Undergrad: 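Mind looking over this structure? Questions follow.
Source: prediction; values computed, not measured.
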Amino acid sequence: MRNAALAFLLTGLILAPQLALAAQAKASIAQWKALNSQCRGGSGDDPATQHACDQRDALTRQLAVTGWCFGRKDDPDAAAYQWHRCTAKSLRPE
């Protein structure tokens, strides 16, 4: 019984930070999607549009640093890109 409780505690200590990171990534990806919509849907001569694009690009780099990538090398086109945990096949920001 004591070993089971210790194993449960250790599992929680290991998984809790991962779950927090996943929740943070989910929130960041939602923010990225909103900024992407503003960037792509905004007027090219509106400073707010450029600001949204700049924020989106910064968030793209931040997500990549934490192990999240947008699109894979074998995706047929940009319309197929999805956020995912980075792998060897992932596209990475330049």
Undergrad: Are Q38 and T49 close enough, and set up right, to give a side chain to side chain contact (heavy atoms under 4.5 Å, CB included), and what steps lead you there?
TA: CA-CA 6 Å; Q38 293 170 16; T49 300; over 6 Å; no
Undergrad: Extract all donor-acceptor atom pairs below 3.5 Å that involve side chains of residues 52-59 and protein atoms in other chains or at least two apart in sequence.
TA:
{"from": "D54", "atom 1": "OD1", "to": "Q50", "atom 2": "NE2", "distance (Å)": "2.7"}
{"from": "Q55", "atom 1": "NE2", "to": "H51", "atom 2": "NE2", "distance (Å)": "3.4"}
{"from": "R56", "atom 1": "NH1", "to": "N36", "atom 2": "OD1", "distance (Å)": "2.9"}

Undergrad: How long is the straight-line distance from NZ of K73 back to CG of L91, given to the nearest 0.5 Å?
TA: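 Taking CG in L91 and NZ in K73, the distance rounds to 7.5 Å.
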Undergrad: So W83 and F70, would you call those rings parallel, tilted or perpendicular, with 30° and 60° as cut-offs?
TA: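 Plane angle between 30° and 60°, so tilted.
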Undergrad: Could you check whether any side-chain N or O of D75 sits under 3.5 Å from a backbone N or O of D77, counting only pairs where one atom can act as donor and the other as acceptor?
TA: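 Not confirmed, D75 side chain does not pair with D77 backbone.
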Undergrad: The criterion is salt bridge (charged side-chain N to carboxylate O under 4.0 Å, His left out); which residues satisfy it with K33, sequence neighbours excluded?
TA: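 Not a single residue meets the salt bridge (charged side-chain N to carboxylate O under 4.0 Å, His left out) criterion with K33.
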Undergrad: Measure the CH2-CZ distance between W68 and R85 for me, rounded to the nearest 0.5 Å.
TA: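 W68 CH2 to R85 CZ: 5.0 Å, rounded to 0.5 Å.
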Undergrad: Grab the two heavy atoms, one from T87 and one from S90, that are nearest each other, plus how far apart they are.
TA: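 Heavy atoms only, the tightest pair is N-OG, 2.7 Å.
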Undergrad: Walk me through it: do R92 and C69 pass the test side chain to side chain contact (heavy atoms under 4.5 Å, CB included)?
TA: CA-CA 6 Å; R92 299 178 189 268; C69 290; 3.9 Å; yes
